[in-house]
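Chain A is the first sequence line, chain B the second, and so forth, proteins listed ahead of strands; every chain is numbered from 1.
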Amino acid sequence: MALTLMKGSEAIAEAAVRAGARYFFGYPITPQTEIPEYMAARLPEVGGCFLQSESELAAINMVYGAAGVGERAITSSSSPGISLKQEGISMCAGARVPFVMLNVMRGGPGLGSIQASQGDYNQGVKGGGNGDYHLITYAPTSIQEAVDIMFFAYDKAERYRVPVLFLADGIIAQMMEPIEMPEMIDYKVDPEKKPWAATGWEPGDDPEKRAQITSLFINTEELSAHTDELQATYSEIKKNEVMYDTYQIDDADIIITAFGTVARVAKSAIDELRAEGIKAGLFRPITVWPFPDEALAAAARKAKAVLDIEVNEGQMLEDVKLAVDDKRMVDFFGHCGSLMPSLEEIKAKVYQMKEKM
Amino acid sequence: MAAVFEKTNLLTDKQFHYCPGCNHGIIHRLIAEVIEEMRMGKKVIGVAPVGCSAFAYEYFNCDMFLAAHGRAPATATGIKRARPDSLVFTYQGDGDLASIGTAEIVHAAHRGEKISTIFVNNAVYGMTGGQMAPTTLLGQITTTSPKGRDASVSGTPLKVCELLAAVPDTYYVERCALNTNANILKAKKAIRKAFEYQMEGKGFCMVEILSACPTNWGMSPVESMKWIEEKMIPYYPLGVYKDKGAEQ
C-alpha cells in the first residue's frame, strides 16, 4: 500500500471517516482546529454531517444525540475545550453511549499555552467528570499509530459501550508523517447489535426494546446495580484491552517510562545511552487507561531503576509508582508549560540516577 | 359499551410522579395525543430535560433520551442531524431552557434546527423545591427570593417567546396556557402546528406553555389557575409571536 505524507490532524480525521464516523460536532480551538476544518469538507462527501457547535458543551451533547441513535459520532478539542466537555463525557459514560473523541493536549492550567503538553493525563485517565467511570484512553506516539488505533476505536467503544478518548498532543496533530491509510469500511447501524439505541420503536413493539437513554437512576439500588455493571465492564476492559510497547528492556538497568510523543525523544536518548555503555530501555503505555501495570511491574523487576518522563509535572508517575515495587528507585523528569524534555536533559537525568544506583 | 375516550397509546402506563394540580400531566397528554393523531409510527424521538419532567422518558411511549441540564436542544440537534426523517422534540422547563440552557436553545433556533421544543414555564424551579427562575415574576416569593424577586438584584423576568421570535431562523413561536378548556385546545393545536412544521422540513418551532406549580407556589390548584390568569398572563401575553407559515 502506498504511503501518503499527511498532517496528523487530517490523517486522524480521515481515519475516523474511514472507520465509519459520519457525524462530527465541535468548536474551533488551537492546536486541533484542522480536524473540524477537514471534517467540514470531508463529511458531506460521504453523506455525513459536520456541524460547528456554539460551544464545546453543546458539541458533546450533540454527540450524545447522534451516537444515541446508533451512528458513529466524533468530537475533538484541546485541553480547555475538553474541560467544557466533561459534563457530556460523564453523561455518555453513565448512559453507556459509545463514541470517540480526541484531546489534542496543549499547555495548562486554564488557557495555558497553545503548544503541545501532556497535562491532561489525570483528567483523561482518572476521570474529569463526576462519578465512577473510565474511558478507554489511547496515547498515540505517532500519526500512524493514531490512525491504526482509530480504525478499531469504534469497535472497542461499541463492544463495551464506553466512550473512547485519544490523549494526543499538539505535536501529533501538527506534524506530518508518511501514512498508510486503511480502506474505508461500510458502517451501517444494526439495531440487533445496538438494542439500547434509539433506532425506532412504536406502541405495540416490545416495551423492553423502547430506548430510554439516561444516566439517571434515582433509586439507589438501581444506581448501585448500574455502577456495578459499569465496574464489571471496566474489569473486562482491563483484562482484554491493555496495550503497550517496549524498546530494549530485556537487559535494561534503567527503564524509561513515557507516553505519546515524548517517548520518541526518550527512544533517541536510549540509543545514545546504549552507545555510551548504559543499558537503558523504554516502556511505553499505549493505553494509559487501562494502564499496563502488570506488564510494567514485570519489566521493572528485571531492572534496577525506573525513570518516568512526561511533558507535565509527573501525572503518570503516580501510576508508574503504583505498578513498580518499592525496591526499585523511581525518579521523574519533566516540564510543564509545553516544554518538551530534550534528549540532553533525559540523558543528564539518567547519568544523575546512575550515580545513586 | 363503546369507549368514548381512551388514554393515548403514546403514554406508558407508568404512574406520573407529578404533584396534585401540576400541569405537566396535561401537557404530556396533549403532546402524546398529537403524536398519536399524526401517526408517526416508529419515527418519534423525545428528549427529556433535567427538572421535574426528567422522568418524561418513562412516560412518553416512544424512543426517549434524558439530556443534561439545559442541553436538550443540543442533544436533539445530534439526533435530528442523524435522523432527519424523525419527529424530534424536546420538553424543557424554565430553569432548564431559560437559565442554564439559554445558549443551546438560542443556537438551535439560530441554526433553524428542524426540531420542536415544548417549553413549560411555571416561573419557578420545581424539582429542587421552589427556587427563583429567570421567569419568576417581580415580587414573587421563592426560596431564593424570600422577600420577593427584586429587579435591582435579579433583573426582570425573561420573556422567551419574544426573545426567540427575534432570531431570524425561528419558524414558529407561540405562548399558550391551560387555565381554560379553550386554552387547552389552543395549546394542543399549537403543539400540532409545531410538529407538522417540523415534518414539513421548516425551521425551529417552540410552544411555550404557562403551567401551574401549586406545591412551590404555596397555593391550591384552583388558586394557581387564578394566579396564572391574573399574574402570569398579563406579563406573559398569550398568542403567536412568529409564524412564518402564516406569513407566506
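- Interatomic distance, B/L66 CG to A/I213 CD1, rounded to the nearest 0.5 Å: 10.5 Å.
- Listed by first then second residue, pairs satisfying ring pair (Phe, Tyr, Trp, His ring centres under 6.0 Å) with a partner in residues 62-81 of chain B read A/Y64-B/F65, not counting sequence neighbours.
- Heavy-atom distances place the side chain of B/F55, and not its backbone, under 4.5 Å from chain A.
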From CA spacing to verdict: salt bridge (charged side-chain N to carboxylate O under 4.0 Å, His left out), B/R71, A/E87: CA-CA 10 Å; B/R71 320 289 175 231; A/E87 172 195 77; 2.8 Å; yes
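- Interface residue A/V189: only side-chain heavy atoms are found under 4.5 Å from chain B.
- You'll find the side chain of A/W201 stays beyond 4.5 Å of the side chain of B/V44, heavy atoms only.
- The line from OG of A/S55 to NE2 of B/H107 is 8.0 Å long, rounded to the nearest 0.5 Å.
- Atom CE in A/M62 sits 8.0 Å away from atom CD in B/E104 (nearest 0.5 Å).
- In this structure, chain A has no heavy atom under 4.5 Å from any part of B/A72.
- Other residues, nucleotides and ligands contribute over 12 non-hydrogen atoms within 6.0 Å of the CG atom of A/N122.
- Evaluation of the salt bridge (charged side-chain N to carboxylate O under 4.0 Å, His left out) rule for B/K242 yields no partner, not counting sequence neighbours.
- Counting only distance, with no hydrogens or angles, the side chain of B/T75 and the backbone of A/N61 share a donor-acceptor pair below 3.5 Å.
- Within the model, atoms SG of B/C62 and CZ of A/R210 stand 6.5 Å from one another, a figure rounded to the nearest 0.5 Å.
- Within a 6.0 Å radius of CD in B/E200, other residues, nucleotides and ligands contribute more than 12 heavy atoms.
- The side-chain contact (heavy atoms from CB on, under 4.5 Å) check on A/A15 picks up A/V147, A/M150, A/M181, with sequence neighbours excluded.
- The contact between B/T12 and chain A is made entirely by side chain atoms (from C-beta outward), counting heavy-atom distances below 4.5 Å.
- To the nearest 0.5 Å, the span separating CG on B/D63 from NZ on A/K209 amounts to 12.5 Å.
- Between chain B and the options A/L216, A/I218, A/V97, heavy-atom pairs under 4.5 Å are most frequent for A/L216.
- Environment of NZ in B/K14: sparse, with no more than 12 heavy atoms of neighbouring residues, nucleotides or ligands closer than 6.0 Å.
- Contact detail for B/A74 and A/A58: the closest heavy-atom pair is CB-O, 3.6 Å.
- For A/S90, no part lies under 4.5 angstrom from a heavy atom of chain B.
- Contacts of A/L51 with chain B are made by side-chain atoms alone, with heavy-atom separations under 4.5 Å and no backbone atom involved.
- Atom OH of A/Y27 has 12 or fewer heavy atoms from other residues, nucleotides or ligands within 6.0 Å.
- For residues 19-40 of chain B, an interface with chain A (any heavy-atom pair closer than 4.5 Å) does not exist.
- Nearest heavy atoms, A/E202 versus B/G41: OE1-CA, 3.3 Å.
- Distance OG1/A/T214 to CE/B/M64: 10.0 Å, rounded to 0.5 Å.
- Contact count versus chain A (heavy atoms, under 4.5 Å) is highest, among B/N9, B/N61, B/V88, for B/N61.
- For NZ of B/K244, the number of neighbouring non-hydrogen atoms (other residues, nucleotides, ligands) closer than 6.0 Å is greater than 12.
- A 6.0 Å sphere centred on CG of A/D132 holds no more than 12 heavy atoms belonging to other residues, nucleotides or ligands.
- Neither the backbone nor the side chain of A/V63 comes within contact range of chain B, judged by heavy atoms closer than 4.5 Å.
- At a 4.5 Å heavy-atom cutoff, the contact between B/R83 and chain A is made by side-chain atoms alone.
- Your options are A/M91, A/E54, A/E71, and the one with the most heavy-atom pairs under 4.5 Å with chain B is A/E54.
- If you tally non-hydrogen atom pairs under 4.5 Å between each of A/G48, A/G70, A/A211 and chain B, the highest count goes to A/A211.
- Remark: B/K188 NZ is packed, more than 12 non-hydrogen atoms of other residues, nucleotides or ligands lying under 6.0 Å away.
- More than 12 heavy atoms of other residues, nucleotides or ligands lie within 6.0 Å of NE2 in A/H226, so this atom counts as buried by the packing criterion.
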